[in-house]
Structure formats: structure tokens, C-alpha cells
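To keep things clear, I will list the structure first and then write my remarks on it.
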Amino acid sequence: VEPSLASVWLVPRLNRFRELRPDIDVSLEVDPRLVEFRSDQPELALRFSARATSWPRSEAERLASTVDSPVLSPALLASGAPLKNPIDLGHYTLLHEENRQGWARWFEAAGVPADAIPARGPMLADASLSKQAALLGHGVALGDLLQIGEELASGVLIKPFDIDVASGAYWLVARNLRDLSEPARAFADWIRAEFAESRRLPEPA
């Protein structure tokens, strides 16, 4: 599984699968590289791709689109400049993941000129660190709405604008999704159900 998806989304839910199937022990490998699905390796992988992609010698099933939008803590918003228009984000520290392209895409979608917002702010390795920094009030993250749905619903993070940008999708990957062992098939079905529930999380009040 992708590192950020493992720490932010999967691990907090694993106890639900344990309660559902206590007879199955999950072995979780966190690695951005896709396994080869050899006989001594995992049967399933959870991957992210910016485009519809088929991995070599494997099958992929789309689980959910990834949609990004700015998010910040209520305390940071209360102590900072009002966010009436997207360009007002220039008054805040922007948290970047891996590179600065995500924010560039969002500002383009929001109609903000490329040179209107300085390309500054800390570079964080993945979405889990960006989310943690946003929760601590260190700046505004470009959050994956599926990974931060519970934080938005509870109000510990705020989404100030209704401008969302698609950035890819999460995929369930296996050598052959129709030829899994019973434990792997049960886990795959559970993963599908959990992604469906995450997509249905209510909007914050």
C-alpha cells in the first residue's frame, strides 16, 4: 500500500476488518513500489495513479477518484486573514507534497494567475505529513478529500472553498482479481466497502 494511504486511511480502519474476520491476520507492507505478486509476496496492492493505468502483468480495479482542495485548522483561520477569495491564500503558508505542482493545478482551476501566489512553503514527503501539519495549524494543505473526510466532518479541518481538483485515483491491484485466495478475497471485499463508505462521508455542518 502507498505510505500516505496506509497511515492516514488504512491503518485507522484495520481494526474493523479484525472484528469482521478475526481468523485472518493482515500482513501490511508499506512501499510506494508495486510488488510483482510472486508466490512469496502479497496478493493485493492499493495504489495511486494520476492516470488510468494498467500495471504490468496485473489487473487494476478503480476504487475512488482523488479530489484535492485546500484545508486548514479552525484556529489558523481564526487567527489569520479572512479567506473570501482563493487569492487570499497568499496570506498563509502553503504546505506542499513532494513538489509544487498540486497547488499550481488548484490555483489554475480557481482562476488565480500563476504569478499571483509565491511558490513558497515547506515541502513534505506525503499526504500524511501534510495533513498532520495542517491539523497543527502550520499552514494550509491541499488535502485529498477521501483521506481527510472524517476530519472535515468533525470540524477539526475546514475546507474554505468549493473548488476541487481531480488528481488521479486509488486502485486495487492484483495479478488476477478473480483468482484470489479466500482471505484475500474477503479483504478485497472489505476494502471496496470501506472506500464506498469514505465516499459517502457527510459534509461538515
(message) How close do Gly155 and Pro74 get, counting heavy atoms only, and between which atoms?
(response) O-CG, 3.3 Å
(request) Decide whether Ser167 and Asp68 meet the rule of one side-chain donor and one side-chain acceptor closer than 3.5 Å. (result) yes
(message) Test of understanding: clusters of I, L, V, M, F, W, Y form through side-chain heavy atoms closer than 4.5 Å, transitively. Do Val67 and Trp106 belong to the same one?
(response) no
(request) May I ask you to decide whether Glu197 forms a salt bridge with Arg13, counting only side-chain N to carboxylate O separations under 4.0 Å? (result) no
(message) Please tell me whether Leu95 and Val8 are part of a single hydrophobic cluster in this structure, the criterion being side-chain heavy atoms less than 4.5 Å apart.
(response) no
(request) Write down the atom of Leu14, the atom of Phe187, and the distance for their closest heavy-atom approach. (result) CD2-CE1, 4.1 Å
(request) Say whether Val156 and Ile158 are linked into one hydrophobic cluster, either directly or through other cluster members, by side-chain heavy-atom distances under 4.5 angstrom. (result) no
(request) Please answer: with hydrophobic residues joined when any side-chain heavy atoms are less than 4.5 Å apart, are Leu172 and Leu20 in the same cluster? (result) yes
(message) Closer than 3.5 angstrom, by distance alone: can the side chain of Asp126 be matched with the main-chain N or O of Leu129 as a donor-acceptor pair?
(response) yes
(request) Considering non-hydrogen atoms only, spot the tightest contact between Ser4 and Gln147 and give its length. (result) O-OE1, 3.7 Å
(request) Would you name the heavy atoms of Ser130 and Leu142 that are closest together and state the gap between them? (result) OG-N, 4.5 Å
(message) Quick check: closest heavy atoms across Ala64 and Phe195, and the distance to 0.1 Å?
(response) CB-CD2, 3.8 Å
(request) Take Tyr170 and Trp9, measure what ring-ring contact (aromatic ring centres under 6.0 Å, His included) needs, and give me the verdict at the end. (result) CA-CA 12 Å; Tyr170 293 114; Trp9 186 87; 7.9 Å; no
(message) Check for me, please, whether Leu89 and Ile163 land in the same ILVMFWY cluster - side-chain distances under 4.5 Å, paths through other members count.
(response) yes
(request) Mind checking the CH2-CZ spacing from Trp171 to Arg47? Nearest 0.5 Å is all I need. (result) 13.5 Å
(request) Grab the two heavy atoms, one from Leu177 and one from Ala60, that are nearest each other, plus how far apart they are. (result) CD1-C, 4.2 Å
(request) Salt-bridge test for Glu43 and Arg175: reply yes if a basic N is under 4.0 Å from a carboxylate O, no otherwise. (result) no
(message) Any salt bridge linking Arg18 with Asp25? Criterion: basic side-chain nitrogen under 4.0 Å from a carboxylate oxygen.
(response) yes
(request) Could you please spell out the steps behind the side chain to side chain donor-acceptor pair (under 3.5 Å) verdict for Asp164 and Ser69? (result) CA-CA 5 Å; Asp164 306 331; Ser69 195; 3.1 Å; yes
